[in-house]
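A quick write-up on the structure given underneath.
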Amino acid sequence: MKVVKVKDYDEMSDMACSFLIEKIERLQDPVLGLATGSTPEGLYKRLIEKYNDRKVSFEKVSTFNLDEYVGVAKDDPHSYHYYMKDKFFQHIDISMDRVNVPSGMAEDLQLQCEEYEKRMVDAGQVDIQVLGIGVNGHIGFNEPGTSFFSRTHIVDLEESTRKANARYFDSIDDVPTQAITMGIETIMDSKEILLLVSGAEKGRALARLLNDESEITEEFPASILKRHERVTIIADWEALNG
Ligand code: PGA
């Protein structure tokens with residue numbers, strides 16, 4: 001894992017933006033794996049700016065998002081569909097038929113998981129997956145204890161995850177209890193991974209990931225990234241010293 005140390009959130013976002021633009025320019029039909037949450041917001045803002053300055057086009061880009069809440073409709077502002085459209089897709093020239101976000105409203109959720117996997121295979125797999133890390137070490141919504149062999153699946157969210165995401169809802173009781181997420185093996189199938197880590201609250205998780213090279217355990221999902229050949233971590237000072 002390559003670690004790039006930056007000053008703060010802005011520098012992390014700038015660097016992540018340059019990193020992705022370089023891939024988009026180099027690849028024929030880039031397939032991006034995307035994440036939601038606070039961490040990649042600055043990245044999306046910068047990509048939109050670059051698009052507005054005609055420095056990048058997303059015409060040939062396909063995307064696959066990591067996860068979505070179960071039971072939350074696409075047009076609900078709490079959904080990750082809404083987040084992605086609001087913060088990124090509606091501002092760029094991406095074709096919406098190349099955009100993939102799992103549906104947490106599907107009648108048959110298991111079938112939805114299988115179809116999502118198939119769509120990724122048909123697209124030639126994710127070229128570069130953007131990831132954040134949870135305070136408990138989760139990647140996507142793969143909570144501690146999730147099998148390293150998991151594919152896209154339905155998960156029960158941990159209390160710590162629901163608490164961390166309660167800021168987007170009126171109260172913690174409104175935070176969904178389940179989500180659909182790419183599995184750990186699905187994430188590991190991506191050809192390259194870009195992990196973004198910012199803020200002191202992520203300090204413990206980042207230290208655990210970086211300090212003990214030998215620890216690879218399902219109790220700390222992000223630890224699997226040590227087995228991936230192409231991982232770049234961009235981490236800011238607060239996360240590195242938090
Ligand atoms: P955050 O979430 O970017 O909102 O901190 C990251 C995560 O939980 O994976």
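Ligands are counted one by one from 1 in listed order, and the atoms in each one are counted from 1 as well. Only this structure's heavy atoms are used, side chains among them; waters, hydrogens and symmetry mates stay out.
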Between ligand 1 and the protein, which N/O pairs are shorter than 3.5 Å?
residue	atom	partner	partner atom	Å
ligand 1	3 (O)	Ser38	N	3.3
ligand 1	3 (O)	Thr39	N	2.9
ligand 1	3 (O)	Thr39	OG1	2.4
ligand 1	4 (O)	Ser38	N	2.9
ligand 1	4 (O)	Arg167	NH2	2.9
ligand 1	5 (O)	Lys202	NZ	2.5
ligand 1	8 (O)	His138	NE2	2.6
ligand 1	9 (O)	His138	NE2	3.3

Flag the pair Tyr69 / Asn165 as yes when at least one side-chain heavy-atom distance between them is below 4.5 Å, and no otherwise.
yes
From CA spacing to verdict: salt bridge (charged side-chain N to carboxylate O under 4.0 Å, His left out), Asp29, Lys60:
CA-CA 5 Å; Asp29 294 297; Lys60 291 184 173 168; 5.9 Å; no
Using the side chain to side chain contact (heavy atoms under 4.5 Å, CB included) definition, which of the options Leu20, Leu194, Ile234 pairs with Met15?
Ile234
Exceeds 12 heavy-atom contacts within 6.0 angstrom, atom CG of Asp170
no
Ion pair present between Arg208 and Asp212, side-chain N to carboxylate O less than 4.0 angstrom?
no
Per ring-ring contact (aromatic ring centres under 6.0 Å, His included), Phe88 is matched among Phe58, Tyr80, Tyr51 by Phe58
